[in-house]
2 protein chains.
Amino acid sequence: MESGRRRPVTIADIAAATGVAVSTVSRALSRPSRVSAATRERIQAVARAMDYVPHPPARALASGRTRTVALVVSDVTNPFYFGMIRGTQQQLKAAGYAHLLIDTEDSADHEVEMLHAMRRSLDGAILGASRLPARALVALAGEIPLVTVNRNVRGVPSVVIDTPAGIAQAVEHLVSLGHRDIVYVSGPTQSWSNQARWQAMRVALERHGLGAQRVGPFPSGRGSGTAAADAVLNSGATACVAFNDLFALGMLTRLRERGVRVPADLSVVGCDDIFGADFSNPPLTTLAAPIEQAGRMAVSLLVAGLDPRAPQPQRRAVVLPTYLTVRESTGPLTS
Amino acid sequence: MESGRRRPVTIADIAAATGVAVSTVSRALSRPSRVSAATRERIQAVARAMDYVPHPPARALASGRTRTVALVVSDVTNPFYFGMIRGTQQQLKAAGYAHLLIDTEDSADHEVEMLHAMRRSLDGAILGASRLPARALVALAGEIPLVTVNRNVRGVPSVVIDTPAGIAQAVEHLVSLGHRDIVYVSGPTQSWSNQARWQAMRVALERHGLGAQRVGPFPSGRGSGTAAADAVLNSGATACVAFNDLFALGMLTRLRERGVRVPADLSVVGCDDIFGADFSNPPLTTLAAPIEQAGRMAVSLLVAGLDPRAPQPQRRAVVLPTYLTVRESTGPLTS
DNA sequence: TCCGCGGTGACAACCGTTTGCCATGTGTTG
DNA sequence: CAACACATGGCAAACGGTTGTCACCGCGGA
């Protein structure tokens, strides 16, 4: 209790107590090989006894490294990011980095501004689904080490989840169930994933001699499901692939309200396999994405690039596969 | 492009360019009232022109304040925290603080260790559902400003969601549907909320002359739902209140597997109203908790206490109400 | 005219670490 | 045994700001 407001112990205190120079203490603590085993032990013992805790800002000021990495997301609320938060958190902790969370509220301007302002206090950042135009992204990468997730721009290391490949499987699945009118429910236009998925959808349908239709774009968020469901219904399609599970889940709710049976009247496929996709009503057929793994990979890529004394030429773009997970929101047409 | 690796501009550069002392620049930027309007404008203009970005670590070293607050959760994966992450994120951003995320992996030891280690780089921390014993919590609060959520310990400011009051409503609801055998599905023993909820359950049932039963404890996580469902079934109860929605959702899945109809054979009530509770099958009756608001309040409490020139004696313990949200997982017994 | 005063800005001392450079001591080699 | 390489530890200069203290300025009042 009486330890209330005592001045925290510094390496100078340890130096005094041990009878060595502060520089030696510093080295004993942060570059142990640079000091003899005996002194090192002694210093570390004293440090422990005095309950020494390093002062990160001072360390950062002197060394230029903050041991902090930011995860930048467009909306913390989106369950898609939950997996990424978890994955990055795990890996960063393991690598001894602190995990800063930045929410850009879906604004590209926020994204650059915040990152620009914080760049001095970060060793790097992971951009989850960046909304930035390519050139801005490259420019930013010049200011601070970056790894993007689900966004591929030349010159910026990235981890992308290969949902497009999965889309082909989904289309295959729907076609084999007898569907011919399949529509894509489009997400925000600036979203790179959205573009990629729509593109994949087009070529997949084409391969079956089918035309590609789409409805939207809709703003991200489950709320969009209502409008999306209505639009799909109006389109006359018998099946749809939604930009993401949030849309799909929202649609399910709306369809139930309107008395539309899923999958008897309409099949729905989502993307990402977020939390909830497995216990919705009906459980959602979706493209399972290894989001958590993507987060971990992104961190690995980033910290690998951060260490100056490391073999640089790593692979700079990782692609993770997706698998179609068939549940109960897809089925043959029965009308 | 060619701005690649140029030395970042410092206040010294600005001072040189403006012809004033660095101290004046510092003041013009961080304590604008301390300098005349004319010089201030001039300095700020130059700073803008030179694209000056303050260096947070240096600032922190000199001032002792880091403008960073940590949110400490026991498991980032738990959807309960999503709301808190969002709430704290919003409010912290608004207050100009950075948001650090710490996952303790359900370990009280991790909790103290990490916080102890990081205390020098934090201005304060928000403890989401701390697992710490009361004395450890108080000790920690002596090291670093703390606000707890869903954990009330004398001397530590807190925000608690009054789920216990809601529990009474839930019991009322179940009793009025004709249930007499109501069981509580217990969460982790160290969880303060769990204790509080079970306690509330006991008094509520007693008021109706009913005995309180419980099953568990179960480790947190949706997976526990399986064992929990089986245990409840074996208990012979016709209704249950689960420690949280994650349990309840897990139970729903298991009950469906076993062919138990909800609510016809068993009524289920959850707590917290997390993401997914509204679209599960059936949608979950639950105690809606204003989690996001709790996060915001916690931040407000914390930053209010951080400002040295502020009216200190704020209210130090906030209680937020819950409301029973009746959906389709509860109903009269029909057998 | 002189004094005191509020407002403004400069000086310089930190804040706690890291790190380049150098002096010393020890062991190895020819 | 000389010469040299290397391991070890010390000195002191950064790193980029903040802030207490003080000197100076021009002003109004006595």
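Every chain is numbered from 1 and lettered A, B, ... according to where its sequence line falls, protein lines coming before strand lines.
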### Task
Write down the atom of A:D123, the atom of A:T66, and the distance for their closest heavy-atom approach.
OD1-N, 2.8 Å
### Task
Please report the shortest heavy-atom distance between B:Y81 and B:D75, naming the atom on each side.
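It is CD1-O, 3.3 Å.
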Measure from the side-chain heavy atoms of [X] and tell me the nearest of [options].
X: B:A62; options: C:dC15, C:dT19, C:dA12; value: C:dC15
X: A:T24; options: D:dG9, C:dT17, C:dA12; value: D:dG9
X: A:V22; options: D:dG16, D:dA12, D:dG10; value: D:dA12
X: A:S63; options: C:dT18, D:dG10, C:dC11; value: C:dT18
X: A:R65; options: D:dG9, D:dC15, C:dT19; value: C:dT19
X: A:L61; options: D:dC11, D:dT18, D:dC15; value: D:dC15

### Step-by-step side chain to side chain contact (heavy atoms under 4.5 Å, CB included) determination, B:V112 to B:H116
CA-CA 6 Å; B:V112 281; B:H116 185 71; 5.6 Å; no
Spacing between [X] atom [atom1] and [N] atom [atom2], to the nearest angstrom:
X: A:I11; N: D:dA12; atom1: CD1; atom2: P; answer: 16 Å
X: A:R67; N: C:dT18; atom1: CZ; atom2: P; answer: 12 Å
X: B:I14; N: D:dT18; atom1: CD1; atom2: P; answer: 11 Å
X: B:H55; N: C:dC15; atom1: NE2; atom2: C1'; answer: 13 Å
X: A:R120; N: D:dG17; atom1: CZ; atom2: P; answer: 6 Å
X: A:R42; N: D:dT8; atom1: CZ; atom2: P; answer: 14 Å
X: A:R119; N: D:dG16; atom1: CZ; atom2: C1'; answer: 14 Å
X: A:R40; N: D:dG9; atom1: CZ; atom2: C1'; answer: 14 Å

### Task
Please confirm whether any donor atom in the side chain of A:R27 sits under 3.5 Å from an acceptor in the base of D:dG10, or the reverse.
yes
Would you please confirm or rule out a distance under 4.0 Å between OP1 or OP2 of [N] and any side-chain N or O of [X]?
X: B:S30; N: D:dG17; value: no
X: B:S23; N: D:dT18; value: no
X: B:R59; N: D:dG16; value: no

[X] near the nucleic acid: base, sugar-phosphate alone, or nothing, with a heavy-atom cut-off under 4.0 Å?
X: A:P54; value: sugar-phosphate
X: A:S26; value: base
X: B:S36; value: sugar-phosphate
X: B:T10; value: sugar-phosphate

### Task
State whether A:R131 and A:D106 are salt-bridged, where the test is any N-O pair (Lys NZ or Arg NE/NH1/NH2 against Asp/Glu carboxylate O) under 4.0 Å.
yes
### Query
So A:V53 and B:R119, side chain to side chain contact (heavy atoms under 4.5 Å, CB included) or not? Walk me through it.
CA-CA 9 Å; A:V53 176; B:R119 85 193 135 139; 3.1 Å; yes
## Note on the structure
The answer to which of A:A12 and B:V35 contacts DNA chain C further toward the 5' end, by nearest nucleotide, is B:V35
#### Entry: Derivation and outcome, side chain to side chain contact (heavy atoms under 4.5 Å, CB included), residues B:Q91 and B:M297
CA-CA 8 Å; B:Q91 200 75 356; B:M297 290 290 313; over 6 Å; no
